[in-house]
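In what follows, a structure is listed as structure tokens, so that the remarks can point back to it.
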Number of protein chains: 2
Amino acid sequence: MPMARSATRRAAGSQEHDAAPVPTIHDVAIRAGVGAGTVSRVLNRHPKVSDAVRARVTQAIHDLKYTPNPHARQFAGGRSYSIATVLPVVATDFYLRLLTGLEDTCHAAHYDTALFPLLSQERLARLLTPGSLVGQADGLVMVTYDLTEMFDPSATQIRQPVVLANAFTPKLDCAYVDNHLGGRLAGEHAVTRPGELYAIWVATDLDALFSTRVFKDRRAGFHDVVTAAGRSIRHEMFTRYDSLAIHQAVCALLDDAVFPCTVFAAADQIAAVMLDEAGRRALRVGEDLRIIGFDDHPWSAERGLTTVHQPVGQMGAEAGRLLLSRLNGYSGPPREARLAPHLVVRATA
Amino acid sequence: MPMARSATRRAAGSQEHDAAPVPTIHDVAIRAGVGAGTVSRVLNRHPKVSDAVRARVTQAIHDLKYTPNPHARQFAGGRSYSIATVLPVVATDFYLRLLTGLEDTCHAAHYDTALFPLLSQERLARLLTPGSLVGQADGLVMVTYDLTEMFDPSATQIRQPVVLANAFTPKLDCAYVDNHLGGRLAGEHAVTRPGELYAIWVATDLDALFSTRVFKDRRAGFHDVVTAAGRSIRHEMFTRYDSLAIHQAVCALLDDAVFPCTVFAAADQIAAVMLDEAGRRALRVGEDLRIIGFDDHPWSAERGLTTVHQPVGQMGAEAGRLLLSRLNGYSGPPREARLAPHLVVRATA
DNA sequence: TTGTACGCGTTATCAC
DNA sequence: GTGATAACGCGTACAA
């Protein structure tokens, strides 16, 4: 007869406070005057539970401050209700928007998410091993970089479903923005403006660790349209995505630009720096200097930036949906959510 | 009689490949011709296992590519062998060094680590809840920010031992560098140099979300020494830790600096930008302009930067050691590892 | 030194 | 609609 057996469990090495017996599903069942199975059904939103019982159980859970033991849960053949997200450097608006979309979707389905930033190759290798915490998640989202490509499949011990966000491969579910189209949209607008054309791109892959096609696609799209219009780009700059490097590239471009001109900056972050610098140089933005960005971050509207809008939050949400679909049993061929960007014309171009 | 029962388990929603039955401890036991308990003992480095048996088991583990199921492991009353690290923005040399030290120590003890970057208040609140992945770790390292302070203890559902790295509180185990001493060391060197004194600090706490005493301590130490020497700082700048903001602060400082002078930059990152800008302005570094940094990153030596060396990797390692000690049963009062910085004199000052 | 048996908290499959 | 009960994989007494 199971009684106060819950009073036993205690995390190893807990600081001092001895009490705080972690309540179990049985404790809840007793307090609610039902069986453990019923509590489980309430927890898992099983449809066939009477409202009265559901209420009693919910109340008991609340009273006892009961939280299901995630390990026991996963262990019982169920799932851990956790999703691992592997992504590059975290502190940018882009990833913040993407993660918000992703997490909102996952949390709505009662999944928790953990972030695994890509810091080094060595760390990455350990990440993709089944013993690691990534291996314990029910599913995996890889943002911007398709890590499955970096290892031969036998070494890659990934057992969970994987979806890619902001990247594409035919082998996996993907949620991504059509960057080639984005480049074309920028190009179509740019060629209608008078004067010279310039562009600043983000140089990735410098350390050859990871690679993404995002900026290549934007550039290809822009080139296609510009060429088709019989125009050419007077000068293209490449910069690391670091605000000092961006500043230097912007200055270098403006130093020997011929005005009037239109600049396509492959990211709003770059466009913003160029706006600052243009102000410092007393250039008339929208006349001498026209600027088209890419991203449409919340602050882009405030600054009057003409830019290519990316539905970033939606991309995260789609990635979440694709993964949840797999977790709910879908096992067909890979699917994709290709999202279309659109141009937002404001004051700068 | 347990046989191929392992052939049953399968992650929900796995992509396609049906096979790959995940081996269990029983499979290993059978292959090695021993009991399951013995395999467990080998896994947990129990001393009383004969070398011969240990070898056979190890071989079987290798052959089967067996990995213990972490959930089952934790569930059986053991530990999950995972440590959660909560930290601010990740992509700086500082955190890279710290994490390296921390992870090396933890991995040596067969613990895996997961990173939880602090992106928003909302995310943080969910992090500290027992159901979240952070709650599943055996222990917790909080870097730079003491998150336990942000919530009243009843709401903070942290059940695991916590250690602070790069921060201090008397309530918890801490590994930190004596930043006040670091500031004093910089000050003592600075006052021996001719000319004016300047300083650039990092302004934290701007959004009042988190707070750290790190830069306050450096400033206080520097002030103490400068004042005691009967000197004063001609001008102090504050900058966000973002390379554009840093660049602006550096330019502003140099724009109306009186030379010769000595500048204490509260982080090497700032000192490096100042070195760049000084070169651009053709200032003679080490004569017109003397620069003292703080951190001593690997690249600081190459640039000849005089700086306060912080043993960052060691700080991470000490944090790991303190946590492992708790996990191994220590339950006494909080302990601290206070590490001493030291001045490294090179060409710039 | 090694094998056996039990229990950890939860979900799922039965009967009812 | 609900309550028993059998797994799930591993650690660990306890017996040998």
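Quick note on labels: first sequence line is chain A, next is B, and so on, each numbered from 1.
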Problem - Inter- and intrachain pairs under salt bridge (Lys or Arg N to Asp or Glu O under 4.0 Å), touching residues 37-62 of chain B, at least two apart - result: none
Practice task
Would you list the pairs meeting ring-ring contact (aromatic ring centres under 6.0 Å, His included) in which at least one residue belongs to residues 52-75 of chain B, sequence neighbours left out?
Solution key: A:His71-B:His71, A:Phe75-B:Phe75
Practice task
Please list, chain by chain and in numerical order, all residues satisfying side chain to side chain contact (heavy atoms under 4.5 Å, CB included) with A:Ala109, sequence neighbours excluded.
Solution key: A:Tyr111, A:Leu324
Practice task
Round to a whole Å and report the spacing from CD of B:Gln74 to C1' of C:dG7.
Solution key: 15 Å
Exercise for the section: Grab the CG-C1' distance between A:Asn69 and D:dC10 for me, whole Å please. Expected result: 14 Å
Problem - Euclidean distance, atom CG of residue A:Leu43 to atom P of C:dG9 [Å, nearest integer] - result: 15 Å
Problem - Axial bend angle, the helix from C:dT1-D:dA16 to C:dC16-D:dG1: five-pair end segments, nearest 10° - result: 40°
Exercise for the section: Would you mind reading off the distance between B:His46 atom NE2 and D:dC10 atom P, rounded to a whole angstrom? Expected result: 18 Å
Distances for protein N or O near nucleotides 12-16 of chain C N or O, under 3.5 Å:
none

Exercise for the section: Identify whether any heavy atom of A:Val39 sits under 4.0 Å from a base atom; if not, whether one sits that close to sugar-phosphate; answer base, sugar-phosphate or nothing. Expected result: nothing
Practice task
Ignoring hydrogens and angles, state whether a donor on the side chain of B:Asp138 or B:Ser80 is under 3.5 Å from an acceptor on the partner side chain.
Solution key: yes
Problem - Residues which pass side chain to side chain contact (heavy atoms under 4.5 Å, CB included) with B:Asn44, listed by chain and number, not counting sequence neighbours - result: B:Ser40, B:Arg73, B:Tyr81
Problem - Contacts of type side chain to side chain contact (heavy atoms under 4.5 Å, CB included), residue A:Ala167, not counting sequence neighbours - result: A:Leu164
Practice task
Round to a whole Å and report the spacing from CZ of A:Arg79 to C1' of D:dC8.
Solution key: 16 Å
Handout entry: B:Phe75 aromatic ring stacked with six-membered ring of D:dC10, 5.5 Å and 30°
Key = no
Practice task
With the side chain counted from C-beta on, respond yes when A:Asp173 and A:Leu323 share a heavy-atom pair under 4.5 Å apart, and no when they do not.
Solution key: no
Practice task
Take atom NE2 of B:His110 and atom P of D:dG11, then tell me their distance rounded to the nearest Å.
Solution key: 14 Å
Exercise for the section: Could you check which of D:dG3, C:dT2, C:dT11 has an atom nearest any side-chain atom of A:Arg73? Expected result: C:dT11
Distance-only donor-acceptor pairs under 3.5 Å for side chains of residues 312-321 of chain A, two or more places apart:
| residue | atom | partner | partner atom | Å |
| --- | --- | --- | --- | --- |
| A:Glu318 | OE2 | A:Arg321 | NH1 | 2.9 |

Practice task
Identify, between A:Tyr81 and B:Ser50, the residue whose nearest nucleotide on DNA chain C lies closer to the 5' end.
Solution key: B:Ser50
Handout entry: A:Thr38 side-chain N/O to D:dG3 phosphate OP1/OP2 under 4.0 Å
Key = yes
Practice task
Whole angstrom is fine here: how far is it from CG in B:Asp138 over to P in D:dG11?
Solution key: 12 Å
Handout entry: Those residues of residues 53-63 of chain B lying under 4.0 Å from DNA chain D by at least one heavy atom
Key = none
Exercise for the section: Compare side-chain N and O positions of A:Tyr66 against OP1 and OP2 of C:dT10 and report whether any pair is under 4.0 Å apart. Expected result: yes
Practice task
Not counting sequence neighbours, which residues clear salt bridge (charged side-chain N to carboxylate O under 4.0 Å, His left out) with A:Arg31? List them please.
Solution key: A:Asp63
Practice task
Mind calculating the distance between NE2 (B:His26) and P (D:dC10) to the nearest angstrom?
Solution key: 8 Å
Problem - Results of side chain to side chain contact (heavy atoms under 4.5 Å, CB included) for A:Asp104 - residues two or more places apart only - result: A:Thr100
Handout entry: Residue list, side-chain hydrogen bond (donor to acceptor under 3.5 Å, both in side chains) with B:His107, at least two apart or on another chain
Key = A:Arg126
Problem - For B:Pro68, the option from B:Ile61, B:Leu43, B:Thr24, B:Val39 that meets side chain to side chain contact (heavy atoms under 4.5 Å, CB included) - result: B:Leu43
